[in-house]
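Here is the structure we will look at.
Predicted model, so just to flag it, every value in this text is computed and none were measured. Note: hydrogens, waters and symmetry copies are ignored here, and every other heavy atom, side chains too, is used.
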Amino acid sequence: LSSEPPPALPGGFDAGERLFFVGATVVLPSGKKVPHGEKGEVIGPATIDTHVGRGVRLRFSDHRFVSVYTHSLSREPPPALPGGHSVGEHLYYTGESFSHPNGDRVLHGAQGEVVGPAKSSTHVGKGVRLRLSGVRNASNVYLTSLSSEPPPALPGGYSAGKHLFYLGQTITLKNGKRVLHGEEGEVIGPATIDTHIEKGVKLRFQNGCTLNLYLHNLCSQPPPALPGGFAVGEQLFLIGPTATFRDGTQVRHGEKGEVTGPATVDTHIGKGIKLRFNNFYGDFFLHNLSREQPLPGGFRVGERLFYKGPDYQLGKFSLDYGMQVEVVGPCRDAAGRSLGAKEWLDVMQPGGEQRIPCAASNLSHAEPPARSDAAELSTAQLRARRALASRRDEQERAAVGAPLAAEELAAEAERRQQLAAELLEEEAAAKAPSPTEAGKKRKKKKFRKPSRGTAQEAEAGQTSGMGAGASSAVPPTPSEDGSAGGDTPEAAEAESHDSTAESEGEYVTPLEEARRAEGA
């Protein structure tokens with residue numbers, strides 16, 4: 001009670017006025033309903049917090065009292081529902097399963113009750129509102145997705161809401177989204193494109209993609225792991241020969257592709273996988289694929305090859321002509337970083353521990369032929385240089401420590417004499433001609449030793465020797481600024497030609513080489 005008159009009711013309605021309820025059918029806590037289109041009497045303002053100031057309270061027959069928003073009331077009866085449907089009618093939802101923003105889900109095939117016309121702008125005049133069991137809010141549904149009869153069973157015996165795994169190749173959609181082999185999705189209804197109708201179902205995946213998929217590409221269990229331990233989406237290199245397919249498409253050696261699933265061609269099943277190169281899909285055997293970029297020369301890690309380049313030494317390890325080595329990978333520095341030398345790779349002596357850089361052009365599957373006497377002589381020279389370098393290192397280390405005793409000095413002198421004798425023997429063996437050659441040499445004129453010549457002549461001799469194209473033995477190493485530095489292939493090649501030019505100008509025996517080095 002109040003001594004003042006009550007304020008006017010919202011919406012300009014008056015108490016006692018009879019209005020039509022045009023909202024969606026309401027279910028009261030008692031279980032009773034106030035259906036769309038029923039007429040009730042205004043008895044005052046709304047009494048629940050959510051409606052105060054925005055609605056009024058109505059009384060319907062059978063003692064049903066409801067607070068109603070003003071926009072759900074009308075003095076005129078509501079128009080007939082689209083599609084000739086009536087309030088309270090029970091229909092089946094035949095569209096794709098979907099979820100409300102609050103998480104409630106509407107499944108394909110679910111049955112619901114018509115509670116009024118559709119209210120969303122996209123559905124007005126084209127659908128009705130359907131309330132389904134377990135869904136808190138009524139759903140706006142197009143007339144095309146409603147039926148008085150339940151929809152037919154889905155192909156494969158699957159049901160809406162069932163989770164299945166995709167067994168096909170990775171699919172990339174126009175919007176950039178992807179569905180990977182082995183990805184899990186939810187069945188939302190039957191297939192909707194002609195090629196898949198009655199042969200497949202429609203799935204929705206976690207990224208929002210919806211796809212029509214054939215039954216043979218679906219399974220209730222996750223697919224087995226791919227052969228070779230590879231994973232879908234992984235990037236691999238083709239290290240086998242260039243592959244040409246029936247349509248003329250070529251995938252070249254060294255190209256990189258993406259794993260999209262298992263092989264599907266009979267000859268490759270269990271022995272290969274399928275990769276995508278640009279827009280082309282193809283099956284490839286495992287032994288032709290690698291996570292590492294292919295090695296120069298077409299060689300592979302673990303292969304046993306023969307070294308056919310010039311002898312050289314890296315630390316305490318050396319590569320000698322004709323030696324058998326094992327390929328261990330691309331050319332890398334001590335920290336495991338690639339040196340970027342495209343024509344180089346790392347090898348190792350069988351059973352060894354040291355990675356030795358080597359030019360691919362200096363390796364061969366076939367054992368190289370025996371070298372000539374001149375080559376053997378060059379080998380003896382290099383061996384002498386290595387021995388003397390090692391001897392000098394020992395002397396320098398000894399000089400830092402305590403002075404050598406007289407007995408140690410004598411032993412050192414004896415070792416030097418023995419080394420010189422060994423070098424003389426190697427020189428004699430290298431220079432000794434065969435009986436046939438000796439007979440020919442008697443008929444030749446006496447060989448006249450060429451003079452050393454001037455510095456300009458020596459430089460010209462070295463320049464002319466650069467055209468020989470000898471293979472280099474030491475790979476490029478990165479400098480502090482990231483550029484290639486150190487002993488580059490060009491520098492090693494120049495050094496090789498320098499020694500060639502020098503030997504053409506003056507014949508130097510291994511012993512003389514040792515004496516010069518010791519004198520220096």
* Reported CZ-to-OG1 distance for the pair F98 and T210, which is rounded to 0.5 angstrom -> 14.5 Å
* Looking only at atom types and distance, does a side-chain atom of N175 sit under 3.5 Å from a main-chain N or O of K177, one as donor and one as acceptor? -> yes
* Asked: Considering residues, nucleotides and ligands other than Q235, do more than 12 of their heavy atoms fall under 6.0 Å from its CD?
  -> yes
* Asked: Looking at P155 and G200, what are the two nearest heavy atoms and their distance?
  -> CG-O, 3.6 Å
* Structure fact -> d(S97 OG, K202 NZ) to nearest 0.5 Å is 11.0 Å
* Please report the C-alpha distance between I188 and L203 in whole Å, then the side-chain angles of each, then the deciding distance to 0.1 Å, and finally whether the side chain to side chain contact (heavy atoms under 4.5 Å, CB included) criterion is met. => CA-CA 6 Å; I188 59 174; L203 269 72; 5.9 Å; no
* Rounded to the nearest 0.5 Å, what separation is found between the CG atom of L345 and the CZ atom of F299? -> 7.0 Å
* Any chance CG of N279 has more than 12 other-residue heavy atoms, nucleotides or ligands included, within less than 6.0 Å? -> no
* To do: Taking the side chain as every heavy atom from C-beta outward, state whether D320 and Y307 have any pair of such atoms under 4.5 Å apart.
  => no
* Between Q349 and S318, is there a donor-acceptor pair closer than 3.5 Å when you use the side chain of the first and the backbone of the second? -> yes
* Which atom pair, heavy atoms only, marks the closest approach of P151 to Y92? -> CD-CB, 4.2 Å
* Would you find more than 12 non-hydrogen atoms of other residues, nucleotides or ligands less than 6.0 Å from N102 atom CG? -> yes
* Exam field: side chain D311 to backbone Y321, donor-acceptor pair closer than 3.5 Å -> yes
* By side-chain contact (heavy atoms from CB on, under 4.5 Å), which residues pair with T264, not counting sequence neighbours? -> Q169, K274, D283
* Heavy atoms, side chains only, cut-off 4.5 Å: are L275 and V251 in contact? -> no
* Would L146 and L130 count as a side chain to side chain contact (heavy atoms under 4.5 Å, CB included) if you check the C-alpha gap in whole Å, the side-chain angles of each, and the deciding distance to 0.1 Å? -> CA-CA 10 Å; L146 293 171; L130 208 66; 3.7 Å; yes
* Asked: Mind checking what makes salt bridge (charged side-chain N to carboxylate O under 4.0 Å, His left out) contact with R178, not counting sequence neighbours?
  -> E258
* Is a side-chain N or O of D104 found less than 3.5 angstrom from the main chain of R136, in a donor-acceptor match? -> yes
* List the atom of P294, the atom of G254, and the distance in Å for their closest heavy-atom pair. => CG-CA, 3.4 Å
* To do: Check step by step if side chain to side chain contact (heavy atoms under 4.5 Å, CB included) holds for L363 and C358.
  => CA-CA 8 Å; L363 296 172; C358 177; 3.8 Å; yes
* To do: Could you give me the CA-CA distance, side-chain angles and deciding distance for N288 and L238, then say whether side chain to side chain contact (heavy atoms under 4.5 Å, CB included) is met?
  => CA-CA 6 Å; N288 285 330; L238 176 63; 4.0 Å; yes
* Could you tell me how the ring of Y142 sits relative to the ring of H123: parallel (under 30°), tilted (30 to 60°) or perpendicular (over 60°)? => parallel
* To do: Kindly say whether G240 contributes a backbone atom to a donor-acceptor pair with the side chain of H253 at under 3.5 angstrom?
  => yes
* Asked: Where do E184 and F205 come nearest, in terms of heavy atoms and distance?
  -> O-CD2, 3.3 Å
* Within a strict 4.5 Å, meaning less than it, do heavy atoms of the P190 and H108 side chains meet? -> yes
* To do: First locate atom CD of E96, then atom OG of S145, and finally report the distance between them rounded to the nearest 0.5 Å.
  => 8.5 Å
* Asked: Does one side chain, of T242 or Q250, offer a donor that lies under 3.5 Å from an acceptor on the other?
  -> no
* **Distance (rounded to the nearest 0.5 Å) between Y93 OH and L132 CG** => 9.5 Å
* To do: State, yes or no, whether a side-chain contact exists between K308 and E367 at a heavy-atom distance under 4.5 Å.
  => no
* Asked: Side chains of I356 and V325: closer than 4.5 Å at any heavy-atom pair?
  -> no
* Asked: Are side-chain heavy atoms of K162 and L164 found at a separation under 4.5 Å?
  -> yes
* Minimum heavy-atom separation for G322 to P368, with atom names? -> CA-CG, 3.8 Å
Determine all donor-acceptor pairs shorter than 3.5 Å in which one atom belongs to a side chain in residues 212-232; sequence neighbours excluded.
residue	atom	partner	partner atom	Å
N212	OD1	T192	N	2.7
N212	OD1	T192	OG1	3.4
Y214	OH	T195	O	3.2

* To do: Determine, using ring centers only, whether H181 and Y166 are less than 6.0 Å apart.
  => no
* Asked: Of the non-hydrogen atoms in I269 and A263, which two are nearest, and what is the gap between them?
  -> CG1-O, 3.6 Å
* If we only count heavy atoms from C-beta on, is the V327 to L305 side-chain gap below 4.5 Å? -> yes
* Which is it for H100 and S139 under the side-chain hydrogen bond (donor to acceptor under 3.5 Å, both in side chains) test, yes or no, and what are the steps along the way? -> CA-CA 8 Å; H100 283 285; S139 305; 2.8 Å; yes
* Asked: Which class fits the ring pair F284 and F245: parallel under 30°, tilted 30 to 60°, perpendicular over 60°?
  -> perpendicular
* Asked: Given side chains that start at C-beta, do those of V328 and V301 come closer than 4.5 Å, heavy atoms only?
  -> no
* Structure fact -> To the nearest 0.5 Å, atom OG of S290 lies from atom CZ of R300 at 9.5 Å
